[in-house]
Amino acid sequence: MANVTMDKIVSLCKRRGFIFQSSEIYGGLNGAYDYGPMGVQLKNNIRDMWWKEMTQLHDGIVGLDASILMHPRVWEASGHVSNFTDPMVDCKQCKSRFRADQIDLEAPCPVCGTRGSFTTPRNFNLMFATHIGADVDAASTIYLRPETAQGIYVDFKNVVSSSRVKIPFGIAQVGKSFRNEITTKNFIFRSCEFEQMEMQFFCKPGTDEKWFPYWREQRMKFYVDKLGIVADHLRWHQHGPDELAFYAKDAYDIQFLFPMGWQELEGVHSRTDYDLTQHQKFSGKDQTYLDPETNERYIPYVVETSAGLTRNVLMVMSDAYEEQELEGGDVRTVLHFHPAIAPVTVAVLPLVKKDGLAEFASKLEHELREDFATDYDQSGAIGRRYRRQDEIGTPYCVTVDYDTLQDNTVTLRFRDSMEQERVKISDLVERIKKATKEYKRV
Ligand code: GAP
């Protein structure tokens, strides 16, 4: 982590096609980003790993894909219309805008240095409003969802009546959320359009005492064991009385050591029956659960795990980034992605283009596509091609040389150690799968 700065991450993301500023040719749009060829693959891989972890590897968790546009009463019931606000101030001198809770109002403006220039703080609702239908009036106002969780709550009864789920069970969802954030600095950390991976775990009141620590443990394990994040870069933060929502029983955030310091990555919150009770009240529709065995009827308690997918991408990039000084003073920039989430798993490189090596390598790359995300590169010196793959975090490079044509073996190069191994082509797929399974960050 020592040599990672946000500027370096931003620059690599642009140079290697991970992340671009939205609408860049028009001067850019604050708080919105485009994921390039490498970035979208990395993001999809993290999403797929989370989805598999939740819906496949845990018992009783089903998926959902609710719509972004919902009935406006949803956001009245959830409290977002009245409470989802940030205090905002403007500098009267330079017109810069800040969150009042993030700066010292007694101090000079951090942008222009003027003292005593701030407006009085006023509350600003973070939801983006738009209109549905032809009329633009209060009655047609709807919101872009500021979280995916409410889609899960309002479909709770639909899922219970249409699937064979029994409490305890969870509903998982990944999707876009939108917040009109006042300050969007720190790249994709806090953006206006972002993606969340949320899971609401419905359980019998009282058993939340058991499920809350269970999910906390599971979520931390996911980051270390599955995403390969360095354990020292993660920690817990328990909400104090001033942070805890009035209905919440307890709440912890998983924080990650981002280049700008420790910040929230995911919340694991014990939310009681608050959301379902609110929806019962506002919709007038019964939200209780009838236990088929005991005939008890109750509104379930919820343990929520709520992670930012795009914030996960920033974590993975920051955690993986390293500049290594090599012998001779050369610097190698390398992304130590866990092989299971790297955008490219295997790059196939002919040592030279001539004498049939390029054709052989290209054919091999096509064959490997069945098992891995591959890349083929024949341009430039082999050392430079290795560096290019290091910079996008490709864990394995396969080099085809003259010996390959004689004995059907290739050189397998490992990104982190730069060690090379001679492998029979017939063993290559299994060798790479084994290395991925046994991968440990050094
Ligand atoms: N349903 C609960 C909920 O939405 P949250 O703490 O507001 O809780 C959960 O958001 C996660 O979503 C955060 O931990 C963060 O990873 C991500 N997130 C929230 N706002 C974000 C933003 N403006 N940009 C990127 N990610 C954001």
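Computed from a predicted structure; not experimentally measured.
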> Kindly confirm or rule out a cation-pi arrangement of Arg122 over Phe124, judged by NZ or CZ under 6.0 Å from the six-membered ring centre and within 45° of its axis?
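Geometry flag: not set, cation outside 6.0 Å or 45°.
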> Between the main-chain N or O of Pro146 and the side-chain N or O of Arg179, is there a donor-acceptor pair closer than 3.5 Å?
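Yes.
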> Give, for atom OH of Tyr252 and atom OG of Ser270, the distance between the pair rounded to the nearest 0.5 Å.
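Between atom OH of Tyr252 and atom OG of Ser270 there are 11.0 Å.
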> Provide the closest heavy-atom pair for Pro343 versus Gln41 in the form atom of the first, atom of the second, distance.
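Nearest heavy atoms, Pro343 then Gln41: O-CG, 3.5 Å.
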> Would a 4.5 Å heavy-atom cut-off, applied to side chains only, mark His58 and Trp215 as touching?
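Answer yes - side chains close enough.
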> Please assess His239 against Asp250 for the test side-chain hydrogen bond (donor to acceptor under 3.5 Å, both in side chains), listing each intermediate value before the final yes or no.
CA-CA 7 Å; His239 284 207; Asp250 205 351; over 6 Å; no
> Should Arg415 and Asp390 count as an ion pair when the cut-off is N to O under 4.0 Å?
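Asp390 and Arg415: not salt-bridged.
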> With a 4.5 Å limit on heavy-atom distance, are the side chains of Asn312 and Leu227 in contact?
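Side chain of Asn312 against side chain of Leu227, heavy atoms only: contact under 4.5 Å found.
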> Within this structure, what is the CG-CD distance for the pair Asp416 and Gln324, rounded to the nearest 0.5 Å?
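It comes to 8.0 Å.
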> A side-chain contact here means heavy atoms from C-beta on lying under 4.5 Å apart; do Gln263 and Asn186 qualify?
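Not in contact.
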> With a 3.5 Å distance limit and no angle check, can you tell me whether Ser67 reaches the backbone of Leu69 through a side-chain donor-acceptor pair?
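Present.
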> Would a distance-only check, ignoring hydrogens and angles, find a side-chain to backbone donor-acceptor pair under 3.5 Å from His269 to Arg271?
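Absent.
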> Output the distance between atom CE (Met197) and atom OG1 (Thr148), rounded to the nearest 0.5 Å.
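Those atoms lie 10.0 Å apart.
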> Any chance CD of Gln238 has more than 12 other-residue heavy atoms, nucleotides or ligands included, within less than 6.0 Å?
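Enclosed.
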> Determine whether a donor-acceptor pair (N or O, by modelled atom type, separation under 3.5 Å) exists between the side chain of Asp101 and the backbone of Asp86.
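No; zero donor-acceptor contacts below 3.5 Å.
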> Arg216 vs Phe212, test: side chain to side chain contact (heavy atoms under 4.5 Å, CB included). Steps then yes/no.
CA-CA 6 Å; Arg216 276 190 355 241; Phe212 186 52; 3.3 Å; yes
> Any chance you could measure Phe169, atom CZ, to Asp59, atom CG, to the nearest 0.5 Å?
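Spacing of CZ (Phe169) from CG (Asp59) equals 14.0 Å.
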> Between Glu217 and Lys221, is the closest basic N to carboxylate O distance under 4.0 Å?
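Looking at Lys221 and Glu217, the cut-off is not met.
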> Provide the closest heavy-atom pair for Arg431 versus Phe414 in the form atom of the first, atom of the second, distance.
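Where Arg431 meets Phe414 most closely, the heavy atoms are NH2-CZ, 3.7 Å.
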> Check whether any side-chain heavy atom of Arg16 sits under 4.5 Å from a side-chain heavy atom of Arg388, and report yes or no.
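In short, these two side chains touch, coming nearer than 4.5 Å.
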> Taking it one step at a time, do Glu147 and Ser177 satisfy side-chain hydrogen bond (donor to acceptor under 3.5 Å, both in side chains)?
CA-CA 5 Å; Glu147 62 170 21; Ser177 294; over 6 Å; no
> More than 12 heavy atoms of other residues, nucleotides or ligands under 6.0 Å from CZ of Arg369: is that the case?
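Check passes, neighbour count above 12.
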> Tell me, with the steps shown, if Gln102 and Ile182 meet side chain to side chain contact (heavy atoms under 4.5 Å, CB included).
CA-CA 11 Å; Gln102 288 179 346; Ile182 299 165; over 6 Å; no
> Take Thr5 and Asp7 through the side-chain hydrogen bond (donor to acceptor under 3.5 Å, both in side chains) test and state the conclusion after the steps.
CA-CA 5 Å; Thr5 64; Asp7 284 349; 5.4 Å; no
> Take a 6.0 Å sphere around CG of Asp330 and say whether it holds more than 12 heavy atoms from other residues, nucleotides or ligands.
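Atom CG in Asp330 is packed in, count exceeds 12.
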> Evaluate side chain to side chain contact (heavy atoms under 4.5 Å, CB included) for Thr130 paired with Tyr143, printing each intermediate quantity in order.
CA-CA 6 Å; Thr130 186; Tyr143 303 97; over 6 Å; no
> Between the side chains of Glu24 and Lys14, is the shortest nitrogen-to-carboxylate-oxygen separation below 4.0 Å, so that they form an ion pair?
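Between Glu24 and Lys14 there is a salt bridge, with a charged N closer than 4.0 Å to a carboxylate O.
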> Ignoring hydrogens and geometry beyond distance, is a side-chain donor-acceptor pair present between Glu296 and Thr294 at under 3.5 Å?
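Checked: Glu296/Thr294 side chains pair up, N/O donor to acceptor below 3.5 Å.
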> Identify the residue among Gln196, Glu195, Glu193 that makes a side-chain hydrogen bond (donor to acceptor under 3.5 Å, both in side chains) with Lys176.
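Only one of Gln196, Glu195, Glu193 forms a side-chain hydrogen bond (donor to acceptor under 3.5 Å, both in side chains) with Lys176, namely Glu193.
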> Is it the case that the side chains of Tyr396 and Thr436 hold a donor-acceptor pair, with the cut-off being a distance below 3.5 Å and no angle test?
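Yes, a side-chain donor-acceptor pair sits under 3.5 Å.
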> What verdict does the ring-ring contact (aromatic ring centres under 6.0 Å, His included) test give for Phe202 and Tyr289, after you've listed the backbone C-alpha separation in whole Å, the side-chain angles of each residue and the deciding distance to 0.1 Å?
CA-CA 10 Å; Phe202 300 91; Tyr289 173 80; 9.3 Å; no
> Salt bridge or not between Lys204 and Asp291? Use side-chain N to carboxylate O under 4.0 Å.
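No, Lys204 and Asp291 are not salt-bridged.
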> Please tell me whether Gln420 and Thr411 have a donor and an acceptor in their side chains that are separated by less than 3.5 angstrom.
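Absent: no donor and acceptor within the cut-off.
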> Are side-chain N/O atoms of Tyr223 and Glu266 paired as donor and acceptor at under 3.5 Å?
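Indeed, the side chains of Tyr223 and Glu266 share at least one donor-acceptor pair under 3.5 Å.
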> Any side-chain heavy atom of Gln21 sitting closer than 4.5 Å to one from Tyr33?
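The answer is yes, as the side chains (C-beta and beyond) meet within the 4.5 Å cut-off.
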> Using a 6.0 Å distance limit plus a 45 degree cone around the ring axis, check whether Arg311 lies over the aromatic ring of Phe189.
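Yes, Arg311 and Phe189 form such a contact.
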> Checking side-chain polar atoms at under 3.5 Å, does Glu264 have a donor or acceptor matched by the opposite partner on His237?
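No, because no side-chain N or O of Glu264 sits under 3.5 Å from a partner of the opposite role on His237.
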> For residues Ala172 and Met54, report the shortest heavy-atom separation together with the two atoms involved.
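Closest pair (atom of Ala172, atom of Met54, distance): CB-CB, 4.3 Å.
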> Does either side chain, that of His336 or that of Asp319, offer a donor lying less than 3.5 Å from an acceptor on the other one?
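Side-chain D/A pair, His336 to Asp319: absent.
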> Could you give the distance from SG (Cys13) to CG (Leu314), rounded to the nearest 0.5 Å?
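One gets 8.0 Å once the value is rounded to the nearest 0.5 Å.
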> Apply the test side-chain hydrogen bond (donor to acceptor under 3.5 Å, both in side chains) to residues Arg297 and Thr288: give CA-CA distance (whole Å), side-chain angles for both, the deciding distance (0.1 Å), then the verdict.
CA-CA 6 Å; Arg297 188 176 278 284; Thr288 56; 2.8 Å; yes
> Which pair of heavy atoms, one from Ile254 and one from Leu234, lies closest together, and at what distance?
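Smallest interatomic distance, heavy atoms only, reads CG2-CD2, 4.0 Å.
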> Quick one: does Thr207's side chain get under 4.5 Å of Tyr301's, heavy atoms only?
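Not in contact.
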> Work out which heavy atom in Ile19 is nearest to a heavy atom in Ile188; give both atom names and the distance.
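What the structure gives for the nearest pair is CD1-CD1, 3.7 Å.
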> To the nearest 0.5 Å, tell me how far Glu181 CD sits from Leu126 CG.
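If I round to the nearest 0.5 Å, the distance is 5.0 Å.
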> Do Ile46 and Leu309 come within less than 4.5 Å of each other through their side chains, counting heavy atoms only?
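The answer is yes, as the side chains (C-beta and beyond) meet within the 4.5 Å cut-off.
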> With a 4.5 Å limit on heavy-atom distance, are the side chains of Glu293 and Lys166 in contact?
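SC-SC contact between Glu293 and Lys166 confirmed.
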> Could you go through Phe256 and Ser318, starting from their C-alpha distance and side-chain angles, then the distance that decides it, and tell me whether this counts as side chain to side chain contact (heavy atoms under 4.5 Å, CB included)?
CA-CA 10 Å; Phe256 174 74; Ser318 320; 4.0 Å; yes
> Do you know which of Leu368, Thr374, Asp375 makes side-chain contact (heavy atoms from CB on, under 4.5 Å) with Val348?
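Single side-chain contact (heavy atoms from CB on, under 4.5 Å) partner of Val348 among Leu368, Thr374, Asp375: Leu368.
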> Can you establish whether the number of heavy atoms outside Asp34 located under 6.0 Å from its atom CG is more than 12?
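Yes - once you tally the heavy atoms of other residues, nucleotides and ligands closer than 6.0 Å, there are more than 12.
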> Tell me the closest heavy-atom pair linking Glu198 and Ser306, and the distance in Å.
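Scanning both residues, the minimum pair turns out to be OE2-OG, 2.5 Å.
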> Give a yes or no on whether the backbone of Ala77 and the side-chain of Gln278 come within a donor-acceptor separation of less than 3.5 Å.
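Yes, the answer is positive, given that a donor and an acceptor are paired below the 3.5 Å cut-off.
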